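The model shown is predicted, which means the values in this text are computed figures rather than measured ones. Quick note on labels: first sequence line is chain A, next is B, and so on, each numbered from 1.
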Number of protein chains: 2
Amino acid sequence: MDRTDDSLIALRRILRATELYARELAHSAGLTPAQLRVLQIVDEKSSATPKDLAKQMGVSQATITALVDKLVSRNQVCRVPSQTDRRQTNVTITPEGHETLVNAPDALQQKFVRSFEALEDWEQAMLVAALERIATMLDAEEIDAAPVLTTGELQMGGRRI
Amino acid sequence: MDRTDDSLIALRRILRATELYARELAHSAGLTPAQLRVLQIVDEKSSATPKDLAKQMGVSQATITALVDKLVSRNQVCRVPSQTDRRQTNVTITPEGHETLVNAPDALQQKFVRSFEALEDWEQAMLVAALERIATMLDAEEIDAAPVLTTGELQMGGRRI
DNA sequence: CTTGTTTTGTTCGATTGTTAAAATAACCAG
DNA sequence: CTGGTTATTTTAACAATCGAACAAAACAAG
């Protein structure tokens, strides 16, 4: 009867499934999960600065430096000095890196896409609406700017996502 | 117009928001994200073996041993030898560990729960139905048993979650 | 009961992820 | 030019992770 709990439980199932698959996927691509995520972001945006990557992934720039070092040594990405601002470095994907992504057997992706595209039109529309609504609930105020609450604030019990 | 892409984009927003918040939350609780997750699972189930934890989190048992060691040294959990099977160890949460969870300022949680509970009844029902449907799509066949596809399999393009 | 196999958990060694703080270098405003 | 800001890397230390090897207990078949 408690819909809030039901929604949180379903959300956790989604998070767990995607995370476990992400590990599997990275492993079969011969990379670590963190490295694969860098590669994916760089591929999607076709070019990203370390600062962008750090913000997107929620880690420090020092971490990005280390990850990019690893990917560079494997010829998956390369560093291209920015023309407009010589402080910046653009990380771009190499043909080898793109090949890695194309060959990554994204089982979760495949399963989801197949299931989703098998649905009736109105069902798809409903799911997209629901997902977007939930996404907006979760990332409403940009995470980066979210003030870190200190202990003693209002609590909602032991629930969590 | 491509609903599949829209759904994946929304899903990624959800994943990113929850992951970024998980880091923040763990940090403000004085633990690492991995340690906090162990603590959460142990609290939820009130007792879990290292094998359970490894399976739930998708890491090796060796990793769990290391994480539990850290939590034990901070008095957040303790190891209780199983009575029924002396090979097994039950990891249980301590009062201090429970206190840690209660005091963890779960901002994401609070925001989501507040937003969700402010919705109309039918809207909540719709979201729960959508979430459960998606969760089922994603974790249908238990991940642990999922065969690792090798390269050369059917690909769905560059999409990913 | 004894032997061989499986299950559970830990230890060890090595690699990777992660951060804070310091160091570098370039931008920008006056 | 000077001082302040921004982007990135370096360094040093700690945490996460795994595979392989190990020990102990359960179990199965004779």
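Of the residues near DNA chain D, A:Asn90 and B:Ala62, the one whose nearest nucleotide (by heavy atom distance) lies more toward the 5' end is A:Asn90. Toward the 5' end of DNA chain C, the nearer of the two residues B:Thr89 and B:Arg23, judged by each one's closest nucleotide, is B:Thr89. Mapped onto DNA chain D by nearest heavy atom, B:Thr32 and A:His27 fall at different nucleotides, with B:Thr32 at the one closer to the 5' end. Along DNA chain C, the nucleotide nearest to A:Asp85 and the one nearest to A:Pro33 differ in position, and the one closer to the 5' end is contacted by A:Pro33.
The interatomic distance linking A:Asp69 (CG) with D:dT10 (C1') rounds to 10 Å, in whole Å. As rounded to whole Å, 12 Å separates atom P of C:dA20 from atom CD of A:Gln61. Rounded to an integer number of Å, the gap from CE of B:Met57 to C1' of D:dA15 is 13 Å. What separates CG of A:Asp52 from C1' of D:dT6 is a distance of 13 Å, to the nearest Å. Whole-Å rounding puts the A:Leu67 CG to C:dT19 C1' distance at 13 Å.
Between the side chains of A:Ser60 and A:Thr63, at least one donor-acceptor pair of N or O atoms lies under 3.5 Å.
As judged by a 4.0 angstrom heavy-atom cut-off over every strand, A:Gln88 is placed among residues touching the sugar-phosphate backbone only. Across all strands, A:Ala66 comes closer than 4.0 Å to base atoms (heavy-atom distances). Contact annotation for A:Ile64: no contact, since no heavy-atom pair falls under 4.0 Å across all strands. Backbone-only engagement by B:Thr49 is indicated by non-hydrogen atom pairs under 4.0 Å involving sugar-phosphate atoms exclusively.
Looking at B:Thr94, its side chain does come within 3.5 Å of a backbone N or O of B:Gln76 through a donor-acceptor pair. In terms of modelled atom types and a separation under 3.5 Å, the side chain of B:Ser28 and the main chain of B:Leu25 share a donor-acceptor contact.
Ion pairing of B:Asp69 with B:Arg79 is present here, as a side-chain N (NZ or NE/NH1/NH2) and a carboxylate O approach within less than 4.0 Å.
A donor-acceptor contact under 3.5 Å links the side chain of B:Arg87 to the base of C:dT7.
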